[in-house]
Q: 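Sharing a structure with you now.
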Amino acid sequence: MSPPASHRRRSRFLSWPLLFIAILAIHSLAVYLFTRGFLLTRTELDLHSSRDDFSPQGNVSPGCDSWPPAAVDRLVIVVLDALRFDFVAPSTFFAEKQPWMDKLHVLQKLAADEKTSSRIFKALADPPTTSLQRLKALTTGGLPTFIDVGNSFGAPAIVEDNIMHQLAKNGKRVVMMGDDTWIQLYPEHFNKSFPYPSFNVKDLDTVDNGVIEHLLPSLHKNDWDVLIAHFLGVDHAGHIFGVDSTPMIQKLEQYNQILEGVIDTLRSLSKPGGTHENTLLLVMGDHGQTLNGDHGGGTAEEVETSLFAWSPRTPPDAVLSVLDDSSCTVNLHGEEVCVSTMQQLDFAVTISALLGIPFPFGSIGRVNPELYALSIGTWVNQRRGTNACTSQDDLEAWMGRYAEVLCVNCWQVKRYIDQYSATSVIGFPSEDLQHIMDLYSRAQENWSASLITSSSETCSQEKVEKGSVLLQQIDAYNDFLKSFAKLARSAWTEFDLWSMGIGLLLMMLSVIIQASMLVNMTISQSSDQKSSGSSIIHRLSLAFSLVVIRAASFLSNSYILAEGRVANFLLATSCITSVWHSVLKGNISIENFVFLLLNIFTRFGIEVGMSKQLPAPTITKDHPVSVIYKILGANSCNILLELFPIISLAFVAYIMLKCLSRAICQRFLKFFLLCGTMVSYLSIAFHWASETTLFAHAGTVQEFGRSLAPRIVYTIGGLSLAISAFSRIFGSTVHLKLNKRIIILSAVMLCSWSPTILILLGRQGPFVALICMTGAWCMIKLQQKHQRETELSVADPVSVIQWSLLAVCLFYMTGHWCTFDGLRYGAAFIGFDHFHIIRQGLLLSIDTFGISHVLPILSLPLIAIVWYNTISKDNELKDVILNNINKVLLMYGLITTITATLTIICVAIQRRHLMVWGLFAPKYVFDAIGLLLTDLLICLASIYYS
């Protein structure tokens, strides 16, 4: 006896969530395998340098048989997070003077007045330029690895050899104050520490005030050898306000005063026998930042930071022969200022040489000659093994000592290459490695020959030829070190091609399976409804073409940067195609033209969002609305920008309340959602008002608006989700028609999520919400029209791809893009002042993916509703509607899978591209997370709506 039809129908529709769960599992495995092969960290060797490395039996050249002696007694490192190069260098180095330039004039004055003891460097960082990776690279002397970006919110302790480990191991006392990331990276390396929480980007002063409290008093104490003071105000000011802002300029002026105090203190204590007689001051950034205050990528603004070095004791004038004079200009006061360039890769080994500690085992940098020469200790004639000739001038004596340091430097890098090649699975290309080894052999042969020649020559001969011999030797060592650094940059990452290939094959298999199921469903539906299906095939072909064109654009880095514009262009293309089709049939609808007009506003919004200027109350000259700015005037535009979000929010609230009152019939659920929605939108408006000067004199009211109002919104949203889930499980909606049930469920879900997403998006949120609502209305009306024209109760694939393209446009309209500096970190702290990794991570995720993933996917069933009914039996109609829902979810998932697969193919092809870590890899990470989130939401939507 066969089971009843109702049981068969129930089991059939219960199988859909299981199918979507299986797709999620396949994609999770594929992403895991590809990520494991593509984003591998380099092999970190758990080996450490020590004082005993130079044994008598060791293969070490004469003259460099021990680590260099210390050249400085104490080191002060002041880290100004996100210090742009143009914050330090005089404005005359740049084509146009900007308001933030020349604020650190104490450093510029020192560089101009004390040329032999101070220097401004342009320090070049290796991307990615997140703070964690830069600190790790600065202290280990290695190249950063992309996978560490994910650890920026929870930095693991570093086990690789580093200068902090060497300082502690060799008895150097280290004091740290400021950014608590140092404590996370080096939990047991400081004799004394004053850490402060670093992730509240809205807080410009807590960390800085803590450093100020301890910095100057610590300079008077004698209980440390290395002092690290890490300020965060400039980084946070950039994230929140941008570079061209009053808070940024105020921070730079504050830093100038602090540095004046530090320099005056060091100078006053630098007399013979003083505490800072042989101290070196470094003022440096860990990375730069864009004009919008972002960092993480590989643009010039992000990788170019600054390092300023100053020694209270002045080296001999011969130091000018070491310092680069090719980049000099006159500052605003008519004084000459010179700027040098160095790689941040060289920082760890240079500091090690100055402090006389063993170089980190994995360091591949080069002891920078200019920074090394600024210390008076490097000019004292302490060279080992010198002959009786003592008439060498200062420069030749320094060159001899520097050549010995480079000899040790090269030996240490050569030792690392040998160990890495023997331990690593892949290592370096054999031809390149052989070339590097040849360079090292030649350099060592030259060194041995120069020592033999030096010992046999007379003093007069040595005086003539020694300088040129040392220059050749230094050049030979530099060739080796620079060549290996170049090789490491080009071929460092170990790609596991097998894992990448298996991951890619699983993604392609998923595409084939989903596409086959979709085609079978389409053929089955068209045959069941006695249609030729030619219209459906035509629409499927158009939709597939749009998906493929968008996905193929990921093969170009330019199109990845312009992804929002590409999505908008394809969305407009689908609209024009629809309008043209309507014109040919003589059945033109207003929705087509509204949707086409909406695309213009969407493109305008994308330009605004990508420039990240919308939240600001003023308009810059390069803003997309500069024409309106000129027409209406500054005051009118500023007033409009203040009022427009409130007016838009009122419209959004009215539409949501209207939909709720009409859609929902259950009394309790309707009452709660109506009241909750009203309170939420009033709280949003109150929160925005508290950020203006409206409540400036009412501190309690302002604090309530800033902190408690957002929390009320989050709480109501969470309760709405819980009640809607409870109502879905235990509530009875059998008496309602399925169309009505879907509308109720969609309305409940949208009302639960939308207030939280809107408050996180900021004042741009209501405008984006109106765009989203208008686009959804147009697509639903066009879906109704399509069903009437074809007399088929099936979902339109073009509507699904339009839904997907609109979601992409919304992502870029809200100021996001697929790089880590596109994350809006400030949104994670709306309503909160303190960092908690789960809470802030959740808010940041909702802000990033809420408008582009959560809302579009949970509202997808609205375009699956059967508006034009050609089916007489209710049970058959239910089957069609549920089939449409699952088909729409499957189509949307397939679209996301195709784009993610093409992204994977793209990054696999471009894995050796110059911009792989700055652009292609972040794009892959965002698309992979978006794919898994889409699959998860589709699973939940399938269960919720079925």
Side-chain angles (χ1 to χ4, degrees), residues 19-44 128 143-150 420-421 423-433 487-518 544 547-557 559-560 563 818 893-936:
L19 172 68
F20 291 129
I21 291 173
I23 292 174
L24 172 60
I26 293 174
H27 290 169
S28 300
L29 179 60
V31 169
Y32 167 76
L33 290 173
F34 188 86
T35 303
R36 184 181 178 186
F38 178 66
L39 296 183
L40 277 177
T41 58
R42 58 182 171 83
T43 303
E44 293 186 355
L143 291 174
T145 50
F146 182 85
I147 200 69
D148 289 333
V149 171
Y420 188 89
S421 301
T423 307
S424 177
V425 177
I426 298 177
F428 299 102
S430 57
E431 293 183 2
D432 294 330
L433 193 58
L487 172 62
R489 285 191 176 96
S490 64
W492 193 267
T493 304
E494 296 179 2
F495 297 111
D496 186 347
L497 298 181
W498 280 103
S499 294
M500 293 171 62
I502 294 173
L504 178 57
L505 286 176
L506 285 175
M507 290 297 299
M508 296 174 69
L509 179 64
S510 174
V511 170
I512 294 172
I513 292 174
Q514 293 182 73
S516 301
M517 293 180 61
L518 186 60
F544 180 75
V547 173
V548 171
I549 291 172
R550 176 177 173 248
S553 69
F554 296 157
L555 294 171
S556 166
N557 60 311
Y559 281 107
I560 291 177
E563 183 182 4
C818 292
L894 177 60
I895 292 169
T896 309
T897 305
I898 291 174
T899 54
T901 303
L902 264 293
T903 299
I904 288 175
I905 293 174
C906 166
V907 297
I909 293 173
Q910 307 285 9
R911 64 186 183 276
R912 298 297 183 188
H913 193 280
L914 179 65
M915 298 181 66
V916 62
W917 304 122
L919 182 63
F920 293 107
K923 171 62 178 170
Y924 163 72
V925 171
F926 273 80
D927 277 10
I929 294 174
L931 172 66
L932 298 181
L933 180 60
T934 298
D935 290 340
L936 177 61

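Residues: numbered from 1 along the sequence shown. The basis for the numbers below is simple: all heavy atoms, side chains too, and nothing from hydrogens, waters or symmetry mates.
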Q: Once you round to the nearest 0.5 Å, how far does OH of Tyr559 lie from SG of Cys906?
A: 13.5 Å
Q: For Ala30 versus Gly503, what's the shortest heavy-atom pair and its separation?
A: CB-O, 3.4 Å
Q: Taking atom CG of Leu932 and atom CG of Asp927, what is their separation to the nearest 0.5 Å?
A: 11.0 Å
Q: Under a 4.5 Å cut-off applied to non-hydrogen side-chain atoms, are Met500 and Leu504 in contact?
A: no
Q: At what distance, to the nearest 0.5 angstrom, does CZ of Phe38 lie from CD1 of Ile904?
A: 10.5 Å
Q: Which heavy-atom pair separates Cys818 from Pro922 by the least distance, and what is that distance?
A: O-CB, 3.5 Å
Q: Backbone N or O of Arg550 within a donor-acceptor pair of the Ser553 side chain at under 3.5 Å?
A: yes
Q: OG1 of Thr903 to CG of Leu555: how many Å apart, nearest 0.5 Å?
A: 9.0 Å
Q: CZ of Phe544 to CD1 of Ile895: how many Å apart, nearest 0.5 Å?
A: 11.0 Å
Q: Give the minimum heavy-atom separation between Gln514 and Thr897, together with the two atoms involved.
A: NE2-OG1, 3.2 Å
Q: Quick one: pull up CD1 in Ile502 and CG in Leu497 and give me the separation to the nearest 0.5 Å.
A: 11.0 Å
Q: Compare all side-chain heavy atoms of Val907 with those of Lys923 and state whether any distance is below 4.5 angstrom.
A: no
Q: Can you tell which of Val547, Asp935, Leu931 makes a side-chain contact (heavy atoms from CB on, under 4.5 Å) with Thr896?
A: Leu931
Q: Evaluate the side-chain proximity of Ile512 to Ser516: yes if any heavy-atom separation is below 4.5 Å, no if none is.
A: yes
Q: Looking only at heavy atoms, what is the nearest atom pair of Ile26 and Ser510, with distance?
A: CG2-CB, 4.4 Å
Q: Could you check if a side-chain atom of Leu29 sits within less than 4.5 angstrom of a side-chain atom of Leu506, using non-hydrogen atoms only?
A: yes
Q: Got more than 12 heavy atoms from elsewhere within 6.0 Å of CE, Met508?
A: no
Q: Can you tell me if Ser28 uses its side chain to pair, donor with acceptor, with the backbone of Leu24 under 3.5 Å?
A: yes
